[in-house]
Amino acid sequence: IAISVLCFFLFILLFLDSEIAEEQMKRGMRICFDTLIPSLFPFMVISELLVRSGACKPISRLLKIPMAALFGVSGECASALLIGIICGFPVGAKAAAALYSRGDITKTECEHLLSFCNFPSAPFMIFAVGEGMFGSRNVGIFLYLTLLFFGLLCGILLRPKERKYDDIKASETVSSNENVLSIFSSSIVSASSSVISVCAFVTFFTCIVGCISSLFGAGSNSPLCALLFSFFELTSGCAACTSLDSPRTALILAAAAGGWSGLSVFLQIYSLTRTEGEKLSLVPYIKAKALNALLCASATSLMTYLFPSFTQKINVAEDAFSSVISYPQTFTVAVNIIFMLALSKLLDRKHKI
């Protein structure tokens, strides 16, 4: 019944003004072709290569003790966490699912890892949200560090009570002697299917959120409207926050939107985990994201209360709902990926795999 009601609502929504629906679909596709695919696909391939080739094993050995002490998982999870922090979602989820598919981590570890290895990328929060929407790079830096800190804190607070070393892994017979061509081709095929899935979700939710915004008006200054957009999609949610009359409220709700990350990202991660052929529970993910949103909003509220001058730096863009393309994103993520590869190579000299 719920699905029928939802489909009926979406059907009516799309046909209330077909021109708006068509324009929003085109906007979603432009976002995919202009921003998402160039900044996501290469790094999904690289993350697959890192996992499939075992290049991250030196890093896993190096961070074995901190990962176990803080998050209650094995050192193998460190590579997915670092990839998630550097590349942003859903690349971290893809790396975690690949680790589980290879049998490197257990099901319990993977489900918990998914709850704290996915963050909005630093360039997106700093340049697109901070500088592009709120008119202040410092605001973007604050939002990103807040999301990162409380995201990791949720990983610590919600870690499994008991480490299950005997938990069943996805596969105990994964071959470690794949040749280079096999690893390379498999990585590209897996990454391409994942990117197509992500683009489909982004395009669909861009269309739905755009149609909803036409009902309320893109410039609506209602906090309820901002919360509604934030529930579905992060970018539109942050853009809706900038239209609020109170800069303090706008910043608090933007922090909550970043902590929650949106239904679109949740479905992207759900799709990626199913792509690997394994049925993982995403209940830990939902709990962590809900807690993360609450903590980020509370911390931002306290910050703006203690330092009210911080909100004076906000200078909202005239059309925050327009597509924000962060050109520094590709360069920044590329530099970090090169750094990770160089670090793996350096550690490999001391620890032969």
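Values below: all heavy atoms of this structure, side chains included; hydrogens, waters and symmetry mates excluded.
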Rounded distance (nearest 0.5 Å) linking atom [atom1] of [X] with atom [atom2] of [Y]:
{"X": "Y100", "Y": "T108", "atom1": "OH", "atom2": "OG1", "result": "8.5 Å"}
{"X": "T300", "Y": "F310", "atom1": "OG1", "atom2": "CZ", "result": "8.5 Å"}
{"X": "L99", "Y": "I83", "atom1": "CG", "atom2": "CD1", "result": "7.5 Å"}
{"X": "L267", "Y": "S271", "atom1": "CG", "atom2": "OG", "result": "8.5 Å"}
{"X": "E111", "Y": "T106", "atom1": "CD", "atom2": "OG1", "result": "8.5 Å"}
{"X": "T146", "Y": "I141", "atom1": "OG1", "atom2": "CD1", "result": "11.5 Å"}

Please give me the minimum heavy-atom distance between [X] and [Y], naming the atom from each residue.
{"X": "A288", "Y": "C154", "answer": "O-SG, 3.7 Å"}
{"X": "L228", "Y": "F232", "answer": "O-CD1, 3.2 Å"}
{"X": "Y285", "Y": "S261", "answer": "OH-CB, 4.5 Å"}
{"X": "F150", "Y": "A299", "answer": "CE1-CB, 3.4 Å"}
{"X": "F116", "Y": "G151", "answer": "CB-O, 3.6 Å"}
{"X": "A80", "Y": "C117", "answer": "O-CB, 4.1 Å"}

Is there a path of hydrophobic side-chain contacts, each under 4.5 Å between heavy atoms of I, L, V, M, F, W or Y residues, that connects [X] with [Y]?
{"X": "L251", "Y": "F127", "answer": "yes"}
{"X": "V283", "Y": "L157", "answer": "no"}
{"X": "I196", "Y": "M25", "answer": "no"}
{"X": "L306", "Y": "F142", "answer": "yes"}
{"X": "I286", "Y": "L114", "answer": "yes"}

Heavy-atom count around I65 CD1 within 6.0 Å, excluding the residue itself: above 12?
-> no

For M303, look at atom CE and say whether over 12 heavy atoms of other residues, nucleotides or ligands are found less than 6.0 Å away.
-> yes

Walk me through it: do N292 and W260 pass the test side-chain contact (heavy atoms from CB on, under 4.5 Å)?
-> CA-CA 7 Å; N292 192 17; W260 170 246; over 6 Å; no

Is there a donor-acceptor pair under 3.5 Å between the side chain of [X] and the backbone N or O of [Y]?
{"X": "E76", "Y": "I105", "value": "no"}
{"X": "H112", "Y": "G155", "value": "yes"}
{"X": "T203", "Y": "A200", "value": "no"}
{"X": "S60", "Y": "G75", "value": "yes"}

Check the side chains of Q268 and S264 for a donor-acceptor pair under 3.5 angstrom, ignoring hydrogens and angles.
-> yes

If you measure only the distance, is there a donor-acceptor pair under 3.5 Å linking the side chains of S74 and E109?
-> yes

Do [X] and [Y] have side-chain heavy atoms sitting under 4.5 Å apart?
{"X": "R159", "Y": "V73", "value": "no"}
{"X": "L153", "Y": "L291", "value": "no"}
{"X": "L295", "Y": "F149", "value": "no"}
{"X": "I126", "Y": "L143", "value": "no"}
{"X": "S115", "Y": "L158", "value": "no"}
{"X": "K107", "Y": "L280", "value": "yes"}
{"X": "L263", "Y": "F205", "value": "yes"}
{"X": "F231", "Y": "L227", "value": "no"}

Name all residues meeting the side chain to side chain contact (heavy atoms under 4.5 Å, CB included) criterion together with S246; count only those two or more places apart in sequence or in a different chain, and write none if there are none.
-> R248, T249

List the steps, then state whether side-chain contact (heavy atoms from CB on, under 4.5 Å) holds for C296 with L147.
-> CA-CA 6 Å; C296 289; L147 297 178; 3.5 Å; yes

Short N-O contact, R30 and E23, less than 4.0 angstrom | yes

Are V139 and M133 close enough, and set up right, to give a side-chain contact (heavy atoms from CB on, under 4.5 Å), and what steps lead you there?
-> CA-CA 10 Å; V139 170; M133 296 183 185; over 6 Å; no

Stepwise side-chain contact (heavy atoms from CB on, under 4.5 Å) test for F119 and L152 | CA-CA 10 Å; F119 304 92; L152 295 176; 4.0 Å; yes

